Amino acid sequence: MSSTFDLSEVSLRELNRSLHEASSGTFRITNPRGAHAVAAGIDADIAVEVDGSVGYYCAGMHQVGSVTVNGNASTGLAENIMSGTVRITGSATMSAGATGNGGLLVIEGNAGARCGISMKGVDIVVGGNVGHMSAFMAQAGNLVVLGDADADLGDSIYEANLFVRGSVASLGTDCVEKEVRLEHIETLKRLLEAAGMSAEPGDFKRYGSARQLYNFHVDDIDAEVQQKVAK
Amino acid sequence: MSNQQWNLRESYTYDRNVIAEIRRAANTGIYRIRGWGAKRELPTLDDLVFLGASMSRYPLEGYREACGTDVVIGAENAERPVKLDIPITIAGMSFGSLSAQAKEALGRGANAAGTSTTTGDGGMTSEEREHSATLVYQYLPSRYGMNPDDLRKADAIEIVVGQGAKPGGGGMLMGQKITERVAQMRTLPEGIDQRSACRHPDWTGPDDLEIKIIELREIVDWQVPVYVKVGAARPYYDTALAVKAGADAVVVDGMQGGTAATQDVFIEHVGIPTIAAIPEAVRALKELGAHRRVKLIAAGGIRSGADVAKALALGADAVSIGTAALIAIGDNDPAYEDEYQQLGSSAGYWDDFQGGMDPAGITTQDPELSARLDPVIGGRRLANYLQVLALETQTLARACGKSHVHNLEPQDLAALTVEAAAMANVPLAGTSWIPGQS
């Protein structure tokens with residue numbers, strides 16, 4: 001089954017209700033004209049294609065199936081994605097893939113600030129550059145950047161892996177460069193293939209947590225003094 | 001009194017609490033982290049009294065005449081509005097900060113009283129969904145455990161911008177409480193000292209929030225209401241902006257509001273008291289023509305039916321309780337005095353919620369300690385306590401001649417102090433004077 005929704009004629013509510021009620025099929029959305037929350041909350045194995053650029057939170061909390069945007073996306077593209085695939089052929093502004101738990105987000109162009117912020121298991125592949133504070137507090141998953149990363153990459157990062165082929169303007173607090181092992185090459189191969197992007201895995205550097213912020217550092221001078229007295 | 005005692009003069013500036021804290025800081029090199037809420041003396045709702053009916057107003061009979069207590073939230077936007085029997089809700093407290101037994105007890109008590117409970121920073125557990133007939137799902141900056149399936153199971157969504165214990169700060173959960181299950185729910189390594197994000201990752205201001213609310217409504221097909229919770233710092237502006245963003249309810253949490261773990265300096269020195277916050281939030285709602293349409297839920301140090309009634313008289317539609325609910329189910333129980341003392345505390349003082357050693361089995365993830373709390377008994381205690389709060393609120397409302405607790409109004413109140421008069425915008429008792437107004 002294939003259906004087309006012209007957003008110049010139907011409301012956002014009507015569109016999303018139809019997508020939520022569907023259990024299979026393909027859907028084409030035309031004239032999005034920067035609409036917000038397009039195809040948010042999809043929880044069935046359907047394929048959605050959007051012709052044009054979208055506003056905030058396109059494919060928000062995406063759970064299964066695929067959403068493809070032939071255009072650009074504004075803030076919060078595929079925020080909190082759980083599974084499935086979201087792809088845009090253009091660029092995304094802020095917080096793409098924020099808090100994503102799983103699935104694959106492909107941005108063929110650039111991503112703005114805070115790409116992959118607080119990511120919790122999602123895989124994100126960016127064909128171009130990522131903006132400042134990307135992967136801030138990133139907890140799990142992989143961020144692959146074929147271009148450059150702006151300032152404070154991976155600030156306060158937990159266990160996510162960040163792979164950057166180009167330059168990194170600066171690393172954030174507690175983020176360090178790490179060894180690229182065979183397992184990481186395999187991860188890169190898999191993600192590049194899934195994203196349909198051509199790059200040599202060996203050209204990427206890996207960044208992750210120095211784990212210095214995981215616990216508070218607590219002194220106990222009193223105990224030390226008591227031990228000395230006891231001796 | 002002996003001469004020795006007269007010779008001992010404690011410094012007001014450097015009293016024993018101050019000296020102990022300086023010594024603790026010098027020993028450890030880390031700020032004090034604790035639970036509970038502000039402990040220092042603050043202006044409270046105790047500084048207000050009701051003007052019971054007499055010649056000019058007609059009281060209702062105290063036991064039998066009807067005095068409604070119900071609240072409906074979200075009737076304008078949600079297919080399934082939240083309908084509460086009493087205007088007292090249970091505030092957001094996470095599994096992780098609380099034991100599963102404590103969450104179950106809160107759910108059972110709230111169910112019996114016909115009100116809602118709320119999740120916390122860490123997601124929704126199947127147990128709390130099962131035991132809470134009306135469950136509000138918090139949408140927090142950390143998004144720990146955030147799951148669209150759970151979002152759809154919720155009876156309301158509460159977007160947390162801040163909380164009264166720490167407006168401008170994020171949550172904390174110390175390593176002792178990050179067990180395997182808690183770590184898994186939050187996608188964090190076990191045993192770390194978790195410091196949650198203090199700002200949302202994908203919106204940065206009220207214009208963004210408006211779009212975020214639309215997204216959440218779209219995801220749940222406009223089924224349930226959306227609340228916005230703020231810590232009381234600038235309640236006039238925050239309330240106005242939350243209304244502008246499309247909230248069905250605004251939760252304003254005063255600085256007496258509790259927490260499971262935060263820096264003491266934050267708890268005691270950030271935010272404004274509840275008595276000062278409510279009138280400012282109401283002023284914003286009235287100016288926007290949204291009072292009673294967008295519901296105001298006041299929180300922070302609500303302990304009694306008197307507090308509930310005063311908050312409602314100032315213009316709130318409901319209140320929310322956290323610390324008092326924990327006390328009701330058994331927190332700081334004198335039966336565990338020996339154990340509190342072994343931990344360097346005492347029943348009535350215990351606030352080391354962050355440490356996970358709670359003898360009462362409430363603010364812990366230790367299986368043996370948690371097992372001490374019988375959730376059925378705890379639930380009954382909470383239900384009784386909520387019933388008392390509702391009865392006390394009705395008693396005061398009837399005394400003021402009101403057939404519904406929402407008919408209470410500022411004109412039913414007088415202030416006992418100049419500060420309270422200024423903050424609450426009600427006259428100083430025995431006068432018609434409101435400071436700042438002619």
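Bear in mind the structure is a predicted one, so any value in this text is a computation, not a measurement. Lettering of chains follows the sequences in order, A, B, ..., and the numbering in each one begins at 1.
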Practice prompt. Go through the steps for B:K244 and B:E210 under the test salt bridge (Lys or Arg N to Asp or Glu O under 4.0 Å), then give the verdict.
Written response: CA-CA 7 Å; B:K244 183 261 180 195; B:E210 185 172 352; 2.9 Å; yes
Worksheet item: Tell me, side chain or backbone of A:A40 under 4.5 Å from chain B's heavy atoms, or both, or neither?
Response: both
Worksheet entry | For the student: nearest non-hydrogen atoms of A:D43 and A:H20, plus distance | OD1-O, 4.2 Å
Response to the item:
Between A:V86 and A:I81 the two heavy atoms that sit nearest each other are CG2-CD1, 3.9 Å
Practice prompt. Check whether B:I30 gets within reach of chain A through its side chain, its backbone, both or neither, counting any heavy atom under 4.5 Å.
Written response: side chain
Worksheet item: OH of B:Y137 to CG of B:L216: how many Å apart, nearest 0.5 Å?
Response: 10.5 Å
Discussion item. Please evaluate residues B:D221 and A:R17 with respect to the criterion salt bridge (Lys or Arg N to Asp or Glu O under 4.0 Å), reporting the C-alpha separation (whole Å), side-chain torsions for both, the decisive distance (0.1 Å), and the verdict.
Written reply: CA-CA 7 Å; B:D221 289 311; A:R17 184 190 295 116; 5.9 Å; no
Worksheet entry | For A:E177 against A:Y207, the heavy-atom pair lying closest together | CA-CD2, 3.6 Å
Practice prompt. Answer yes or no for B:K212 and A:Y56: cation-pi contact, defined as NZ/CZ to six-membered ring centre under 6.0 Å and angle to ring axis within 45°.
Written response: no
Only distances under 3.5 Å count here; give the side-chain donor-acceptor pairs of residues 140-154 of chain B to other protein atoms, sequence neighbours excluded, each with its distance to 0.1 Å.
residue: B:S142; atom: OG; partner: B:D121; partner atom: OD1; Å: 2.5
residue: B:S142; atom: OG; partner: B:Y144; partner atom: N; Å: 3.1
residue: B:R143; atom: NE; partner: B:L140; partner atom: O; Å: 3.1
residue: B:R143; atom: NH1; partner: B:Y139; partner atom: OH; Å: 2.9
residue: B:R143; atom: NH1; partner: B:D202; partner atom: OD1; Å: 3.3
residue: B:R143; atom: NH1; partner: B:D202; partner atom: OD2; Å: 3.3
residue: B:R143; atom: NH2; partner: B:H200; partner atom: ND1; Å: 2.9
residue: B:R143; atom: NH2; partner: B:D202; partner atom: OD1; Å: 2.8
residue: B:N147; atom: OD1; partner: B:D149; partner atom: N; Å: 2.7
residue: B:D149; atom: OD1; partner: A:Q63; partner atom: NE2; Å: 3.0
residue: B:D149; atom: OD1; partner: B:R152; partner atom: NH1; Å: 3.4
residue: B:D149; atom: OD2; partner: A:Q63; partner atom: NE2; Å: 3.2
residue: B:D150; atom: OD1; partner: B:K153; partner atom: NZ; Å: 3.4
residue: B:R152; atom: NH1; partner: A:Q63; partner atom: OE1; Å: 2.9
residue: B:R152; atom: NH2; partner: A:G41; partner atom: O; Å: 3.0
residue: B:R152; atom: NH2; partner: A:Q63; partner atom: OE1; Å: 3.2

Worksheet item: Do you know which of A:R114, A:M137, A:M94 has the most heavy-atom pairs under 4.5 Å to chain B?
Response: A:M137
Item to complete: Determine which residues belonging to residues 220-231 of chain A lie within contact range of chain B, meaning some heavy atom pair is under 4.5 Å apart, and list them by number or answer 'none'.
Response: A:D220, A:I221, A:D222
Practice prompt. Against chain B, work out which of A:L213, A:N101, A:I42 has the most heavy-atom pairs shorter than 4.5 Å and name it.
Written response: A:L213
Worksheet item: By a 4.5 Å heavy-atom criterion (distance strictly below it), what part of A:Y158 contacts chain B: side chain, backbone, both, or neither?
Response: side chain
Worksheet item: What option among B:T204, B:D208, B:I33, B:I214 has the most heavy-atom pairs under 4.5 Å with chain A?
Response: B:D208
Item to complete: Report the option among A:T75, A:N80, A:L19 that has the most heavy-atom pairs separated by less than 4.5 Å from atoms of chain B.
Response: A:N80
Practice prompt. Check whether any side-chain heavy atom of A:Q139 lies under 4.5 Å from a side-chain heavy atom of A:M119, and answer yes or no.
Written response: no
